[in-house]
Asker: 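Provided herewith is a single structure, encoded as structure tokens, for subsequent inquiry.
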Protein chains: 2
Amino acid sequence: MTATQELTKNQSLVFNALARADGPLSAYTILDQLRNDGFRAPLQVYRALDKLLDYGMIHRLESINAFVACAHPHTHSHGHGMIAFAICEKCGQVSEFSDDVITGRVREWTNGNGFKQSKTTIEIRGVCANCSTA
Amino acid sequence: MTATQELTKNQSLVFNALARADGPLSAYTILDQLRNDGFRAPLQVYRALDKLLDYGMIHRLESINAFVACAHPHTHSHGHGMIAFAICEKCGQVSEFSDDVITGRVREWTNGNGFKQSKTTIEIRGVCANCSTA
DNA sequence: TTGACAAATGTAATAACATCACATATCGAA
DNA sequence: TTCGATATGTGATGTTATTACATTTGTCAA
Ligand SMILES: [Zn+2]
Ligand SMILES: [Zn+2]
Ligand SMILES: [Zn+2]
Ligand SMILES: [Zn+2]
């Protein structure tokens, strides 16, 4: 299966919940939103989330235990450059960006130290432009 | 109070547990290690951890829900440069480093986007040099 | 010294996040 | 059609973190 194709029923429901949200959602928030669609247990959500993470359609924000739909599904190639997230602690907005210099510096460190990197998390918490002017 | 001074009893116990560990510990692991010292409830650990984080003596690893004693308490100035952690998924070893170029690039992004950064997490998961040769 | 306030501690209960174990169903290829 | 891989349903359990409230300890000024 390729990334943007033929999701199963549960995967579609979970992805759509994230896609229509204006910010990150926790697994249990998703569960509550999908009760009327037949969801009864956390595992139904977590299994779908795992697949969607595999497909690169969503991201997990480790610092807030939440999940967000990928903001740039067509433009950035997950798996190559590292992705950074700026998370507003006021409104929950998440901005996603990729920086080749950061990616390069991390690679230099890992190569220099014989560290075989598998996954890298870069999360910036703070207050977004909108919320600081308001 | 300054950072490396006069911890309270509980703060000392928690800090020493982290300092003598060879890797990160979860709050509940610390709790279990301190049962004989009178610890009975998670909050006793979490409260001490919060203070030690304030003092910059320990770090929280968001991607693994664990805490680690600062590896460079005298050399790096927490609060200025951002700190990155390389976490071995085999042995648990954590290497801590700080990179001015990464710090600068993140600052460029946040300044350019009007984002007021408060805390930044950079965590690299993978396998350390020792574990990949073994 | 004592009264008052801040900081630290003790404890139980609860909330929030995530996985295990096992049964059943669905789908596609041999 | 039969087999294996994938997906699903469900309850129980495991793990991480916080709320609420009572008590103790330390500090300092009146
Ligand atoms: Zn993305
Ligand atoms: Zn905001
Ligand atoms: Zn440190
Ligand atoms: Zn290792």
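So you know, we letter chains A, B, ... as the sequences are listed, proteins then strands, and number each from 1. What you are looking at is a predicted structure, and each value in this text was computed from that prediction instead of being measured.
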Asker: May I have the distance from B/F39 (atom CZ) to D/dA17 (atom C1'), rounded to whole angstrom?
Answerer: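 Answer to the nearest Å: 16 Å.
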
Asker: Between C/dA8, D/dT8, D/dT10, which nucleotide has the shortest distance from any of its atoms to the side chain of B/Y55?
Answerer: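 Among the listed nucleotides, the one closest to the side chain of B/Y55 is C/dA8.
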
Asker: Using a 3.5 Å distance criterion without hydrogens, assess whether the side chain of A/Q33 forms a donor-acceptor pair with backbone atoms of A/I30.
Answerer: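 Here the side-chain-to-backbone pair does not exist.
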
Asker: Taking the side chain of B/L43 as its heavy atoms from C-beta onward, which of D/dA17, C/dA18, C/dT11 lies nearest to it?
Answerer: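 Given the options D/dA17, C/dA18, C/dT11, the side chain of B/L43 is closest to C/dT11.
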
Asker: Tell me: CG of A/L49 to P of C/dC17, nearest whole Å?
Answerer: 12 Å

Asker: Report yes if a side-chain nitrogen or oxygen of B/Q44 is closer than 4.0 Å to either non-bridging phosphate oxygen (OP1 or OP2) of C/dT9; otherwise report no.
Answerer: no

Asker: Under a plain distance cut-off of 3.5 Å, with no hydrogens placed, do B/T121 and B/R60 share a side-chain donor-acceptor pair?
Answerer: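 Side chains of B/R60 and B/T121: no pair found under 3.5 Å.
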
Asker: Would you mind reading off the distance between A/Q11 atom CD and D/dG9 atom C1', rounded to a whole angstrom?
Answerer: 15 Å

Asker: Out of curiosity, B/I87 CD1 to B/I64 CD1, how far, rounded to the nearest 0.5 Å?
Answerer: 4.5 Å

Asker: Any chance you could lay out the salt bridge (Lys or Arg N to Asp or Glu O under 4.0 Å) test for B/R125 and A/E62, step after step, and finish with the verdict?
Answerer: CA-CA 12 Å; B/R125 261 105 67 237; A/E62 314 266 13; 2.8 Å; yes

Asker: Hey, do the aromatic rings of B/H59 and B/F85 have their centres closer than 6.0 Å?
Answerer: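 So the answer is yes for these two rings.
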
Asker: Can you tell me the distance, in whole Å, between the CG atom of B/D50 and the P atom of D/dT16?
Answerer: 16 Å

Asker: For the side chain of B/R60, counting heavy atoms from C-beta on, which of C/dC22, D/dA17, C/dT9 is nearest?
Answerer: D/dA17

Asker: Could you identify which residues of residues 24-35 of chain B place a heavy atom less than 4.0 Å from some atom of DNA chain D, listed by residue number, or say none?
Answerer: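 Only B/S26, B/Y28 qualify.
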
Asker: When you measure from the side-chain N and O atoms of A/K51 to the phosphate of D/dA7, is any distance below 4.0 Å, counting only OP1 and OP2?
Answerer: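 Yes, because at least one side-chain N or O of A/K51 sits under 4.0 Å from OP1 or OP2 of D/dA7.
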
Asker: Ignoring the backbone of B/T8, work out which of C/dC17, D/dT10, C/dA8 is nearest its side chain.
Answerer: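 Within the option list, the nearest is C/dA8.
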
Asker: For A/I64 and for B/A48, find the nucleotide of DNA chain C with the closest heavy atom, then tell me which residue's nucleotide is more 5'.
Answerer: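 The 5'-side residue here is B/A48.
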
Asker: Rounded to the nearest angstrom, tell me the gap between atom CD in A/E6 and atom P in D/dT6.
Answerer: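 These atoms are roughly 17 Å apart.
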
Asker: Between C/dT9 atom P and B/K9 atom NZ, what is the distance in whole Å?
Answerer: 8 Å

Asker: D/dA20 P sits how many Å from B/Y46 OH, rounded?
Answerer: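 It is 18 Å, rounded to the nearest whole Å.
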
Asker: Confirm from the modelled atom types if A/R40 and D/dG11 form a donor-acceptor pair under 3.5 Å, side chain to base only.
Answerer: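 When only heavy-atom distances are counted, A/R40 does not reach the base of D/dG11 through any donor-acceptor pair under 3.5 Å.
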
Asker: Check whether any side-chain N or O of A/N65 sits under 4.0 Å from OP1 or OP2 of D/dT16, and answer yes or no.
Answerer: no

Asker: Can you tell me how far apart SG (B/C70) and CD1 (B/I83) are? Round to the nearest 0.5 Å.
Answerer: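 The distance works out to 6.0 Å.
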
Asker: When the side chains of residues 40-52 of chain B are checked against the rest of the protein, which donor-acceptor pairs come out under 3.5 Å, sequence neighbours left out?
Answerer:
residue, atom, partner, partner atom, Å
B/Q44, OE1, B/R40, N, 2.5
B/Q44, OE1, B/A41, N, 3.0

Asker: How long is the line joining CG of A/L53 and C1' of C/dA18, in whole Å?
Answerer: 14 Å

